[in-house]
There are 2 protein chains.
Amino acid sequence: MDTAETVLASRGVRPTPQRVVITEYLLNTKSHPTADQVLEAVANALPVQLSRATVYNTLHTLVEAGVIQEVYTEPGGCARYDANTERHHHFVDTKNGCIYDIPFEAVPSLDKSLDDNYKVSNYTVTFFGEPKQGQPKQES
Amino acid sequence: MDTAETVLASRGVRPTPQRVVITEYLLNTKSHPTADQVLEAVANALPVQLSRATVYNTLHTLVEAGVIQEVYTEPGGCARYDANTERHHHFVDTKNGCIYDIPFEAVPSLDKSLDDNYKVSNYTVTFFGEPKQGQPKQES
DNA sequence: TAACAATCTTAGAGTTAGTCTAAATAGTGT
DNA sequence: ACACTATTTAGACTAACTCTAAGATTGTTA
Ligand SMILES: [Mn+2]
Ligand SMILES: [Mn+2]
Ligand SMILES: [Zn+2]
Ligand SMILES: [Zn+2]
């Protein structure tokens, strides 16, 4: 359970109070929050006013530093932020919008499936539906 | 080679001049245009001013009627419109943004891959990379 | 420890890709 | 022709960002 300060320091990102609270929040949720959800969640953990620009600056800095990933799970939807930086897929609960991580190995690799005609450098898979019994409920 | 009027009539959509030119344009391109590209492409084929609202109204009507599909191919990108309404995947050329249709059968089905824990009603796969020699070049 | 520079944060303006509204126009049935 | 419905239009509005310019904080050097 690495502290946010440790993570930031190890990636060469200066641990300002704003960055620390945002990073702490992201490291401790599986909910794939939006920028607005991050802002709302951490704003009152700081003695100063937290601006939207700082939230976006920080999120971009964290992506750049490899601390988080930016993911898009819904067609036409806004960016969500994910401290799980391993290659993985997503399942979107169509009833309530909850997002579940799907381990990369749970899905057959498609890396070679277009080999005849395309050089695939990356691909994304997003599943939609409903979880069956026994999936750990996720907030949001 | 169905005419736009025929297609609209067969789906019970009244073939106004605006709808006809938009439908014609979409039936004759593989480029997956955005709403703005549709507007720019068809505007001067009409004797009247074509409004942005009409373009969106028409695109939504055509989606509703099953004449086209709305697709999102790039993270954070805007909607694109696709007269190929068969279930298929997309390949995005990362060099120039061109989008190629990938037949559904070209990729192993993932419908059952999460069966243990999830009821998957749909999924999307988008590939990124570069086409190899011999792919028919697509506009845009 | 006092400058000074670089970095970071802020409020608010600007942009993009839409949606919404209310009024004008066109088509339909009688 | 008349009433009624469907469609189109310009432009206001919104959500999700991005940009800017000024102020605050921090690190570096003297
Ligand atoms: Mn971004
Ligand atoms: Mn839409
Ligand atoms: Zn995730
Ligand atoms: Zn397509």
Side-chain angles (χ1 to χ4, degrees), chain A residues 4-5 8-9 11-23 25 32-65 67-82 97 140, chain B residues 4-5 8-9 11-23 25 32-65 67-82 97 140:
Chain A
E5 280 93 344
L8 293 177
R11 310 288 180 125
V13 175
R14 220 201 309 184
T16 67
Q18 290 86 348
R19 287 169 177 174
V20 168
V21 296
I22 290 173
T23 305
Y25 173 64
H32 301 77
T34 65
D36 271 6
Q37 288 170 340
V38 171
L39 176 58
E40 210 205 335
V42 309
N44 59 4
L46 289 166
V48 295
Q49 180 62 31
L50 176 61
S51 95
R52 191 170 305 279
T54 298
V55 173
Y56 281 106
N57 288 345
T58 300
L59 292 170
H60 292 158
T61 299
L62 295 178
V63 168
E64 194 76 10
V67 177
I68 63 173
Q69 269 193 278
E70 189 175 42
V71 304
Y72 290 84
T73 50
E74 278 178 297
C78 67
R80 315 192 71 111
Y81 296 90
D82 188 350
S140 181
Chain B
E5 279 93 344
L8 293 176
R11 311 288 181 125
V13 175
R14 210 203 296 177
T16 67
Q18 290 86 347
R19 288 170 175 174
V20 169
V21 296
I22 290 173
T23 305
Y25 173 64
H32 301 77
T34 65
D36 272 6
Q37 288 170 340
V38 171
L39 176 58
E40 211 206 335
V42 309
N44 58 4
L46 288 166
V48 296
Q49 180 62 30
L50 174 62
S51 96
R52 190 169 307 277
T54 298
V55 173
Y56 281 106
N57 288 346
T58 300
L59 292 170
H60 292 158
T61 299
L62 295 178
V63 169
E64 195 76 10
V67 178
I68 63 173
Q69 267 194 280
E70 188 175 44
V71 305
Y72 290 84
T73 49
E74 279 178 296
C78 65
R80 315 193 71 112
Y81 296 89
D82 189 350
S140 181

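Just so it is clear, the values below take in all heavy atoms, side chains as well, and ignore hydrogens, waters and symmetry mates. To find a chain, count down the sequence lines: A is the first, B the second, and so on, and within it residues start at 1.
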Value in whole Å for how far the P atom of C/dC8 lies from CD1 of A/Ile22: 13 Å
Any A/Thr54 side-chain nitrogen or oxygen under 4.0 Å from OP1 or OP2 of C/dT10: yes
Interatomic distance where CG belongs to B/Leu62 and P belongs to D/dT7 [whole Å]: 12 Å
Backbone of B/Leu50 reached by a side-chain donor or acceptor of B/Thr54 within 3.5 Å: no
Rounded distance (Å) that lies between atom P of C/dT19 and atom CZ of B/Arg52: 12 Å
Side-chain donor or acceptor of B/Gln37 paired with backbone N/O of B/Thr34 under 3.5 Å: yes
A/Asn57 or A/Ala35, whichever maps to the more 5' nucleotide of DNA chain D: A/Ala35
Among C/dT28, D/dT26, D/dT8, the one nearest A/Arg14 by side-chain distance: D/dT26
Separation of atom CZ in A/Arg19 from atom P in D/dA24, rounded to whole Å: 19 Å
Contact under 4.0 Å: A/His60 side-chain N or O vs D/dC17 OP1/OP2: no
Interatomic distance where CD belongs to A/Gln37 and C1' belongs to D/dC17 [whole Å]: 15 Å
Whole angstrom value for the distance that separates P of C/dT9 from CG of A/Leu46: 10 Å
Distance in angstrom units between A/Leu8 CG and C/dT7 P, rounded: 17 Å
Side chain B/Arg19, main chain B/Arg14, donor-acceptor under 3.5 Å: yes
Sugar-phosphate, base or nothing in reach of B/Thr16, heavy atoms under 4.0 Å: sugar-phosphate
Sugar-phosphate only, base, or nothing, as touched by A/Ala79 at under 4.0 Å among non-hydrogen atoms: sugar-phosphate
B/Pro17 vs B/Gly77, nearer the 5' end of DNA chain C by closest nucleotide: B/Gly77
Distance (rounded to the nearest 0.5 Å) between B/Leu59 CG and B/Ile68 CD1: 5.0 Å
B/Gln49 vs D/dT9: side-chain N/O to OP1/OP2 distance below 4.0 Å: no
Length of the line joining B/Tyr56:OH and D/dT9:P, which is rounded to integer Å: 15 Å
Nearest-neighbour nucleotide for the B/Ala53 side chain, C/dT10, D/dA6, D/dG11 considered: D/dG11
OP1 or OP2 of C/dA26 under 4.0 Å from side-chain N/O of B/Gln18: no
Short side-chain donor-acceptor distance under 3.5 Å, A/Gln69 and A/Tyr81: no
